[in-house]
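Here is the structure we will look at, set down as structure tokens.
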Number of protein chains: 2
Amino acid sequence: MVVGELTEDAVDGLFHALADPTRRDILRRCAADEPSVSRLARAYPMSFAAVQKHVAVLERAGLVTKESRGREQLVRTDVGAVGRARLALDDLESTWRGRVDRMSALLAAGTEPERKTSTIRGTG
Amino acid sequence: MVVGELTEDAVDGLFHALADPTRRDILRRCAADEPSVSRLARAYPMSFAAVQKHVAVLERAGLVTKESRGREQLVRTDVGAVGRARLALDDLESTWRGRVDRMSALLAAGTEPERKTSTIRGTG
DNA sequence: CTCACCTACAACCATTTGGTGGTAGGTTAG
DNA sequence: CTAACCTACCACCAAATGGTTGTAGGTGAG
């Protein structure tokens, strides 16, 4: 039992969303700032609709959330969602690492001061 | 090997290769075992050529290696490569962790340590 | 109200992807 | 040698992706 919350489709969407440099840049921008979609769009050499689609892909993957503020939609990166991608990698690795190694990884994570500000929630 | 040498293209290839359930399953199989391409192909409800393409995608991403043994090509998962994907996620996270940390410091020094949703113009 | 702006959504197009089959070359067995 | 097998590579096709433009609706300012 590893990532019970993450279905194969969810992992597909997660990695697919991450497999694009524009989308990864959007993630960086919307983690440091909280721009509207149109302001985001001005940062890239493509149309507003194209950026809108990228944001939609990220939103479907659960990597960003949108918050209505007036006539704008503020986009913000869900920091914990990247933790879900990490869990998907853990799940992959656990296959060939075995349970003992996995447990030691958990122990190592416990002894080290991991980030507390980004709670890794399996619930999406 | 320094891992900071991950180019954007490399990250693209990594995540794209991981964004497919068949390819992820191939990774699991070829980490536990070291099957030939044809034996691998028999495990999936698709043609040999299709599986061959999936293996090629994984190989280009550096996730598996092929070893010639007679007339066969044994496929094996490069365990360290998944670590590279993890580092790509680390890179993503570190970007905004640093910036968020800096912004928090600025906010703490200047005004109340609340979110930046506090009044922007006027004091309300 | 009008005007400007932001957003969502549709239609459309070029390219890529994921699948198919077929063919050619190399290797092991008989 | 022939036969059987494994692999690489080709052409082809349907579907998805990434981009474009255009249109319609909602919101804020004057």
Side-chain angles (χ1 to χ4, degrees), chain A residues 8-27 29-30 33-77, chain B residues 8-27 29-30 33-77 117 119-122 124:
Chain A
E8 286 291 287
D9 276 357
V11 179
D12 285 4
L14 215 43
F15 285 133
H16 170 68
L18 290 171
D20 183 282
T22 300
R23 286 196 285 264
R24 289 196 300 273
D25 196 73
I26 289 177
L27 279 185
R29 266 175 210 274
C30 298
D33 201 354
E34 196 169 4
S36 66
V37 181
S38 62
R39 184 148 70 88
L40 208 49
R42 291 191 206 99
Y44 301 100
M46 64 184 74
S47 69
F48 169 81
V51 175
Q52 205 178 22
K53 283 189 184 181
H54 282 304
V55 172
V57 170
L58 289 168
E59 193 182 15
R60 256 187 292 137
L63 285 164
V64 303
T65 55
K66 284 195 289 190
E67 179 189 352
S68 287
R69 199 185 82 178
R71 59 182 170 183
E72 294 178 330
Q73 289 277 0
L74 304 188
V75 184
R76 183 162 175 222
T77 297
Chain B
E8 287 291 286
D9 276 357
V11 180
D12 285 5
L14 261 180
F15 286 132
H16 170 69
L18 290 171
D20 183 281
T22 300
R23 287 197 285 264
R24 288 196 300 273
D25 196 72
I26 289 177
L27 278 185
R29 263 174 212 275
C30 297
D33 201 355
E34 195 170 3
S36 65
V37 181
S38 63
R39 184 149 69 90
L40 208 48
R42 291 191 207 100
Y44 301 99
M46 63 186 74
S47 68
F48 169 81
V51 175
Q52 206 177 20
K53 283 189 183 181
H54 281 305
V55 172
V57 171
L58 289 168
E59 193 182 14
R60 256 186 291 138
L63 285 165
V64 303
T65 55
K66 285 195 288 190
E67 180 189 352
S68 287
R69 200 184 84 177
R71 61 183 168 183
E72 293 179 330
Q73 289 275 3
L74 304 188
V75 184
R76 189 169 50 168
T77 298
T117 52
T119 58
I120 292 179
R121 46 160 210 190

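Numbered from 1 within each chain, the chains take letters A, B, ... in sequence-line order.
- A:D12 places its CG atom 16 Å from the P atom of C:dT17, with the value rounded to the nearest Å.
- Atom P of nucleotide D:dA16 and atom CG of A:D20 are separated by 19 Å, given to the nearest angstrom.
- Rounding to whole angstrom units, CZ of residue B:R60 and C1' of C:dT17 are separated by 11 Å.
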| nucleotides 2-14 of chain C: protein proximity per nucleotide (B base, S sugar-phosphate only, - neither; heavy atom, under 4.0 Å) | --BBSBBB-B---
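- At the phosphate of C:dG19, OP1 or OP2 sits under 4.0 Å from a side-chain N or O atom of B:H54.
- Heavy-atom minimum distance, B:V37 versus B:F48: CG1-CE1, 3.6 Å.
- Distances shorter than 4.0 Å separate some side-chain N or O of B:S47 from OP1 or OP2 on C:dT20.
- You'll find the side chain of B:Y44 reaches within 4.5 Å of the side chain of B:I26, heavy atoms only.
- Identified under the salt bridge (charged side-chain N to carboxylate O under 4.0 Å, His left out) test for residues 49-60 of chain A, with sequence neighbours left out: A:E59-A:K66.
- Between A:L58 atom CG and D:dT17 atom P there is a gap of 14 Å when expressed in whole angstrom units.
- For B:A10, the side chain to side chain contact (heavy atoms under 4.5 Å, CB included) test picks out B:L6, B:T7, with sequence neighbours left out.
- Contact record, A:V55 with A:L40: CG2-CD2, 4.0 Å, taken as the closest heavy-atom pair.
- Partners of A:A17 according to the side chain to side chain contact (heavy atoms under 4.5 Å, CB included) rule, which considers only residues two or more places apart in sequence or in another chain, are A:R23, A:V57, A:L58, A:A61, A:L63.
- Nucleic acid contact class of B:R69 (heavy atoms, under 4.0 Å, all strands): none.
- If you take CD of B:E59 and P of D:dC9, they are 10 Å apart, rounded to a whole angstrom.
- Taken to the nearest 0.5 Å, the CD atom of A:E72 stands 6.0 Å off from the OG atom of A:S38.
- In this structure, the side chain to side chain donor-acceptor pair (under 3.5 Å) partners of B:D12, at least two apart in sequence or on a different chain, are A:R24.
- For the helix from C:dC1-D:dG30 to C:dG30-D:dC1, the terminal axes (five pairs an end, C1' atoms, rotation from four pairs onto the next four) enclose an angle of 30°, given to 10 degrees.
- Residue A:H16 is the one, among A:H16 and A:G70, whose nearest nucleotide of DNA chain D lies closer to the 5' end (criterion: closest heavy atom).
- When rounded to the nearest whole Å, the span between CZ of B:R24 and C1' of C:dG18 equals 15 Å.
- Between the side chains of B:Q73 and B:S36, not a single donor N or O lies within less than 3.5 Å of an accepting N or O.
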